[in-house]
Amino acid sequence: ISGATRWNRSIRPILEVVGSIYVIDRPIVFDATKDRPVILSAIGSSADYLVTSDTTDFAHVLGTTVYGVNIRTPKTFLSLSLKTYSSLLP
């Protein structure tokens, strides 16, 4: 059985299609147009974190929380994760 067939049989039946409209009450300003869909997708999907190595375009929001999404570099995210979950490691 191909991967696509397995996906159609196992994953597709449990997917839930939700609306794609998300309303925000404050502007999100990004000079780089390419970054708007990235942060809006994170917000719209209720992500806890957006991890990015794009320290140029995301510089003004790194280390902050935008609409409930924590914006972090990979190094900072891993450091926070290790502190939070170190007790679970063998």
Apply side chain to side chain contact (heavy atoms under 4.5 Å, CB included) to residues T73 and T55 and explain how you reach the verdict. CA-CA 8 Å; T73 61; T55 57; 4.0 Å; yes
For the atom pair OG (S87) and CG (L82), what is the distance rounded to the nearest 0.5 Å? 11.5 Å
Report yes if the side chains of L50 and I43 come closer than 4.5 Å at any heavy-atom pair, otherwise no. no
Correct closest heavy-atom pair for T52 and P74 would be O-CD, 3.2 Å
For Y49 and V69, which heavy atoms make the closest approach, and how far apart are they? C-CG1, 3.9 Å
What distance do I71 atom CD1 and F77 atom CZ have between them, rounded to the nearest 0.5 Å? 12.0 Å
Rounded to the nearest 0.5 angstrom, the CZ-CD1 distance for F58 and I39 is 5.5 Å
If hydrophobic clusters are built by linking Ile, Leu, Val, Met, Phe, Trp and Tyr wherever their side-chain heavy atoms come under 4.5 Å apart, do V38 and L62 end up in the same one? yes
Could you report the tightest heavy-atom contact between R72 and T76, atom names first, then the distance? CD-CG2, 3.8 Å
